[in-house]
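First the structure, in the form of structure tokens, and then the observations on it.
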Amino acid sequence: MKLQGKIAVVTGGSRGIGFATCKKLASEGATVIITDICDSETAAPAIKELEEMGATAKFYQSNVADFAAATETVNAIVEEFGGIDILVNNAGITRDKLMLKMEESDFDSVISVNLKGTYNMIKATYKQFMKRRYGRIISLASVVGITGNAGQTNYSASKAGIIGLTKSVAKELGARNVTVNAVAPGYIATDMTDVLSDKAKAAIEAGIPMKRRGTPEDVANTICFLASDDASYITGEVIKIDGGLAM
Ligand code: NAI
């Protein structure tokens with residue numbers, strides 16, 4: 001039990017990589033708080049599964065892109081649980097289109113949720129991390145934030161932004177014993193990537209040296225490692241979890 005007594009917040013934690021992360025953190029003893037834009041009915045099965053594992057779990061409906069809502073949610077969590085030790089900025093969306101067809105609203109919405117949402121949550125938790133002199137902030141970037149990807153100018157820009165944000169906050173908070181890292185998944189089998197055509201899926205898989213998609217658990221395992229004391233001297237790092245896709 002590497003995270004006994006720790007309080008973890010996972011944004012967008014009700015499904016996919018976020019939910020796999022919640023389960024992994026809970027299996028190591030953490031109390032897990034899911035924040036998600038979905039309603040509590042949608043998140044209920046996730047909370048139930050965590051509770052059946054013996055974990056303390058709670059859901060807050062909250063939009064990461066809304067600064068006031070993110071701050072209010074963080075304040076409520078700190079009030080109820082006494083503080084936050086681990087923040088996983090996982091909530092994210094795609095609006096894939098070639099630049100020629102990409103509307104301003106497609107660009108703005110992806111930046112608002114993925115990049116501004118990560119800023120909002122870090123800003124809302126920043127002071128309490130400073131005061132606690134302990135913390136783990138782990139944000140979901142993507143390999144396309146490193147390599148770029150046709151049809152994902154908005155998404156790639158948001159994920160590249162998360163990498164810059166991560167490294168900058170790591171430099172600010174290092175002396176406070178708060179580590180700040182990002183993970184950069186490749187092609188992971190979730191609802192987000194399920195919208196791709198079979199042809200597109202096969203083409204991506206063919207380009208992966210390990211010849212398979214990643215699982216949400218592949219990503220959750222690395223996030224849990226970064227949250228644990230095993231990673232206490234790692235900060236400002238971006239770890240790719242991609243089966244070799246972006247080598
Ligand atoms: P998903 O679409 O299955 O889950 C995303 C979750 O975020 C959902 O529960 C959704 O309700 C929530 N969410 C969306 N907008 C929100 C908002 N404004 N406020 C709060 N919650 C919100 O996605 P998946 O695949 O699990 O992705 C999780 C993270 O990993 C995302 O940041 C994504 O960009 C990143 N990622 C995923 C990859 C993949 O291949 N699936 C690859 C690289 C990165």
Side-chain angles (χ1 to χ4, degrees), residues 9-24 32-47 59-74 77 87-96 108-121 124 138-149 151-152 154-163 165-166 182-196 200-201 204-205 207-208 212-220 222-223 238-243 245-246:
V9 173
V10 182
T11 69
S14 65
R15 71 178 200 192
I17 293 169
F19 182 47
T21 301
C22 290
K23 284 190 283 186
K24 183 68 185 172
V32 178
I33 294 132
I34 293 178
T35 77
D36 203 301
I37 199 165
C38 69
D39 60 23
S40 55
E41 214 171 60
T42 307
I47 295 293
F59 172 73
Y60 287 83
Q61 185 177 24
S62 189
N63 176 3
V64 290
D66 179 338
F67 181 75
T71 307
E72 197 182 307
T73 303
V74 165
I77 294 168
L87 169 65
V88 182
N89 291 306
N90 165 79
I93 59 167
T94 51
R95 296 282 181 275
D96 297 351
D108 285 348
S109 58
V110 169
I111 296 291
S112 299
V113 175
N114 299 6
L115 180 55
K116 178 77 179 343
T118 301
Y119 159 81
N120 287 344
M121 290 301 290
I138 302 139
S139 301
L140 273 286
S142 164
V143 290
V144 303
I146 301 167
T147 62
N149 196 23
Q152 290 197 306
N154 50 359
Y155 185 78
S156 307
S158 74
K159 296 302 186 179
I162 287 173
I163 292 172
L165 179 63
T166 295
V183 292
Y187 176 26
I188 310 299
T190 66
D191 291 339
M192 182 181 269
T193 51
D194 204 37
V195 296
L196 297 171
K201 285 178 186 166
I204 301 172
E205 275 179 36
I208 301 172
R212 69 165 178 90
R213 283 178 283 176
T215 64
E217 290 71 28
D218 287 327
V219 183
T222 306
I223 293 172
V238 183
I239 301 183
K240 284 184 282 180
I241 307 150
D242 67 347
L245 176 66

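Please read all numbers here as calculations on a predicted model, not as lab measurements. Ligands are counted one by one from 1 in listed order, and the atoms in each one are counted from 1 as well.
- With a heavy-atom cut-off of 4.0 Å, Asn63 touches ligand 1 through backbone and side chain alike.
- At a 4.0 Å cut-off, not a single heavy atom of Thr11 sits close enough to ligand 1 to count as contact.
- Considering only non-hydrogen atoms, atom 24 (P) of ligand 1 lies nearest to Thr190 out of Thr190, Ile188, Ile204.
- For atom 43 (C) of ligand 1, the choice among Gly13, Ala189, Pro185 with the nearest heavy atom turns out to be Pro185.
- For the pairing with Asp218, the salt bridge (Lys or Arg N to Asp or Glu O under 4.0 Å) check across Lys240, Arg213, Lys24, Arg212 returns one residue only, Arg212.
- Judged by distance alone, with hydrogens and angles left aside, the side-chain atoms of Thr11 form a donor-acceptor pair with the main-chain N or O of Ala91 at under 3.5 Å.
- Proximity of Ile93 to ligand 1, defined as any heavy-atom pair under 4.0 Å, is confined to the side chain (atoms from C-beta onward).
- Looking at atom 35 (C) of ligand 1, its nearest protein heavy atom turns out to be Tyr155 OH, 3.7 Å.
- Put simply, the side chain of Ser62 does not reach to within 4.5 Å of the side chain of Asp36, judged on heavy atoms.
- Nearest-heavy-atom check against atom 29 (C) of ligand 1 across Asp191, Ile17, Asn114, Asn90 picks out Asn90.
- Taking every heavy atom of Val113 and a limit of under 4.0 angstrom, the matching atoms of ligand 1 come to 15 (N), 18 (N).
- Not one N or O on the side chain of Asn154 forms a donor-acceptor pair closer than 3.5 Å with the backbone of Val110.
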